[in-house]
Amino acid sequence: MTITARPDDPAAAGNPRIRDGRLVPEVIRADFPILATTTSNGKPLVYLDSASTSQKPLTVIEAMDEYYRGYNANVHRGIYEIGERSTAAYERARAAVARLLNAPDAHEIIFTRNATEAINLVAYSWGRRNIEPGDAIVLTEMEHHANLVPWQLLAQEKDGDLEFIPITDDGILRLDVFEVLLRLKPKLVAFTHVSNTLGTINPVADMTRMAHEAGALVLVDGAQAVPHVPVDVQAIGADFYAFSGHKMVAPTGSGALWARRELLEAMPPFLAGGEMIREVHLRRSEWNEIPWKFEAGTPDIAAAIGLGAAADYLRELGMGRVREHERELLDYALPAIAAAHPDLALYGPMDTSIRGGVIPFNVPGVHPHDVAQVLDRSGVAVRAGHHCTMPLHERLDLPATVRASFNVYTTRADIDALIAGISEVKRVFGG
Ligand code: PMP
């Protein structure tokens with residue numbers, strides 16, 4: 001599956017971040033103030049941990065700053081100028097997110113704190129109403145704990161049955177086994193769009209079609225997809241799509257769930273309190289319309305405004321171009337790392353047409369945490385550990401891995417710094 005630049009990527013004319021249809025990360029970096037900083041030992045920061053959280057561009061930082069300095073007020077309440085401004089900005093952010101995902105209706109976007117909360121919302125609200133004893137829920141072996149543990153809790157409570165699509169040794173889902181699992185007539189199939197550990201880009205539209213043909217609803221965990229590949233929820237056809245803002249150049253505390261209107265309307269509220277109600281009496285209440293039915297209490301208004309600014313920023317870069325940028329970097333990085341360090345263990349699919357900008361690896365004989373610590377001395381920030389996918393590491397028989405991951409601001413120079421840093425790791429550990 002090749003993802004090429006989308007015809008609806010916005011025009012590049014006049015945008016210095018795009019040249020000859022390609023992103024220019026060296027220009028994009030100037031939008032991210034943190035990338036001009038140095039570590040405490042004077043090394044330029046080489047940030048290769050964007051799968052964990054991304055850095056934030058000025059446009060996002062300034063949108064939040066402007067809100068706090070200029071029109072901080074609660075939303076949907078104040079009948080005064082700054083209250084109306086904050087409500088308008090909050091709802092504009094929702095529309096910006098809907099545009100990024102090509103959602104048919106901005107009211108189908110529910111703001112959450114992150115992907116974890118979005119998935120839990122579905123597990124509690126839809127799951128507790130719809131899963132009955134013996135019902136199957138199909139997941140995959142590569143899920144982040146956020147798309148596993150909520151379903152474990154639900155299955156335990158409802159006496160449901162969890163089944164898992166296995167992976168091949170290079171981290172590709174076994175769709176032949178998926179087909180067999182669908183004969184169990186699961187109520188729900190939930191899978192990640194892009195693996196945070198291996199980078200695998202799953203064929204989500206095909207999987208959704210297969211699940212629907214078997215009568216299941218589909219939840220897609222888009223935490224590692226929205227920042228990196230074009231996401232069109234209508235083309236995917238799923239029922240629920242969850243993601244976090246902080247990995248897509250937006251602030252922490254921002255995220256969203258997209259779901260089809262009729263599902264959201266039928267679902268009971270998740271959290272209860274102010275804002276999610278239309279009418280409250282001492283012994284009964286009526287719920288607000290969607291999306292507000294699912295947004296109880298005062299939301300993180302600044303984070304939502306920042307999320308909207310991030311969605312606009314990515315849309316202007318063009319998600320097709322973002323994807324191509326990361327794929328070109330992978331096409332540079334994988335052979336370069338293998339050539340410089342042939343002894344390194346590299347995991348995940350080697351076909352970059354089905355892989356996002358994630359490079360998990362191990363240096364033989366050196367613990368991943370030691371690798372990360374020595375890389376840190378060179379200013380290179382990577383993550384080491386199980387990346388919240390312990391069952392996947394068990395499946396691959398690995399206690400842990402080191403993971404380098406990209407974003408729009410990642411350059412070939414970052415990859416070169418990683419390669420040099422690995423040489424230093426080997427020097428320190430006598431390899
Ligand atoms: N799913 C995937 C695939 C992820 O990579 C992550 C974050 N690492 C999550 C879910 C959870 O995201 P958050 O911690 O922002 O809720």
Side-chain contact, heavy-atom cut-off 4.5 Å: Val231 with Trp258?
-> no
Please, which pairs that meet ring pair (Phe, Tyr, Trp, His ring centres under 6.0 Å) have at least one residue in residues 79-103, sequence neighbours excluded?
-> His76-Tyr90, Tyr90-Phe111
Going from CD on Glu394 to OG1 on Thr389, what distance comes out if it is rounded to the nearest 0.5 angstrom?
-> 10.5 Å
Is the count of non-hydrogen atoms from other residues, nucleotides or ligands lying under 6.0 Å from Arg22 atom CZ greater than 12?
-> no
Report yes if some heavy atom in the side chain of Ile337 is under 4.5 Å from a heavy atom in the side chain of Phe361; otherwise report no.
-> no
Take His386 and His145, measure what ring pair (Phe, Tyr, Trp, His ring centres under 6.0 Å) needs, and give me the verdict at the end.
-> CA-CA 10 Å; His386 54 62; His145 300 163; 5.8 Å; yes
Only counting residues at least two apart or in another chain, list the ones meeting salt bridge (charged side-chain N to carboxylate O under 4.0 Å, His left out) with Asp135.
-> Lys187
Any donor-acceptor pair under 3.5 Å from Ser244 side chain to Gly255 backbone | no
Atom pair CG/CG of Asn407 and Asp49 - distance to nearest 0.5 Å = 11.0 Å
Return yes when atom CE of Met390 has more than 12 non-hydrogen atoms of other residues, nucleotides or ligands closer than 6.0 Å, and no otherwise.
-> no
Side chains of Glu84 and Thr87: do they bring a donor and an acceptor to under 3.5 Å?
-> no
Gln234 (side chain) donor-acceptor with Asn102 (main chain) under 3.5 angstrom | yes
For Asp65 and Ile61, indicate whether the former's side chain and the latter's backbone hold a donor-acceptor pair under 3.5 Å.
-> no
Gln224 side chain vs Val194 backbone, donor-acceptor pair below 3.5 Å = no
Sub-3.5 Å donor-acceptor pair from the side chain of Asn74 to the main-chain atoms of Arg77, do we have one?
-> no
Charged N to carboxylate O under 4.0 angstrom, Arg94 versus Glu91?
-> yes
Would you mind checking if Arg377 and Glu424 are paired as a salt bridge, meaning a charged N to carboxylate O distance below 4.0 Å?
-> no
So, the side chain of Ser254 versus the backbone of Ala304: is there a donor-acceptor pair under 3.5 Å, distance only?
-> no
Count the heavy atoms of every other residue, nucleotide or ligand shown that sit under 6.0 Å from CZ of Arg209, and state whether that count exceeds 12.
-> yes
Scanning both residues in full, the closest heavy-atom pair of Val60 with Ala250 reads CG1-CA, 4.3 Å
Rounded to the nearest 0.5 Å, how far apart are CZ of Arg327 and CD1 of Ile354?
-> 10.0 Å
Residue pair Ser125 / Phe294, side-chain heavy-atom distance below 4.5 Å = yes
Do Thr192 and Met142 come close enough that some side-chain heavy atom pair is under 4.5 Å?
-> yes
Got a second to check how far Glu163's CD is from Leu139's CG, nearest 0.5 Å?
-> 9.5 Å
How far does CG of Asp376 sit from OG1 of Thr39, to the nearest 0.5 angstrom?
-> 7.0 Å
Aromatic rings His393 and His387: how do their planes relate, parallel, tilted or perpendicular, breaks at 30° and 60°?
-> tilted
Closest non-hydrogen atom pair between Ile167 and Arg174, with its separation = C-CG, 4.1 Å
Please check if any side-chain donor atom of Tyr47 sits under 3.5 Å from a side-chain acceptor atom of Asp414, or the reverse.
-> no
How long is the span from the CZ atom in Phe243 to the CG atom in Asp221, to the nearest 0.5 Å?
-> 11.5 Å
Can we say Glu265 and Lys293 salt-bridge, meaning some charged N sits less than 4.0 Å from an Asp/Glu carboxylate O?
-> no
Main-chain N/O of Lys247 paired to Thr53 side chain as donor or acceptor, under 3.5 Å | no
Short question: side chain of Arg315, backbone of Tyr313 - any donor-acceptor pair under 3.5 Å?
-> no
Do other residues, nucleotides or ligands put more than 12 heavy atoms under 6.0 Å from the CG atom of Asn41?
-> yes
Ser195 side chain to Thr197 backbone, donor-acceptor under 3.5 Å = yes
Aromatic plane relationship, Tyr71 with Tyr67 - under 30° parallel, 30 to 60° tilted, over 60° perpendicular | perpendicular
Are Tyr409 and Ser50 close enough that a side-chain donor and a side-chain acceptor fall under 3.5 Å?
-> yes
In a check of side chain to side chain contact (heavy atoms under 4.5 Å, CB included) between Arg17 and each of Leu23, Leu317, Val24, which one passes?
-> Leu317
Mark yes or no: Arg128 above the aromatic ring of Tyr124, with NZ or CZ under 6.0 Å from the six-membered ring centre and no more than 45 degrees from the axis.
-> yes
Exceeds 12 heavy-atom contacts within 6.0 angstrom, atom CD of Glu81 = no
Between the main-chain N or O of Pro150 and the side-chain N or O of Asn120, is there a donor-acceptor pair closer than 3.5 Å?
-> no
Evaluate the criterion side-chain contact (heavy atoms from CB on, under 4.5 Å) for residue pair Leu121 and Met267; output intermediate values, then yes/no.
-> CA-CA 10 Å; Leu121 190 162; Met267 280 158 56; 3.9 Å; yes
So, Asp239 and Arg260, do they make that salt bridge, N to O below 4.0 Å?
-> yes
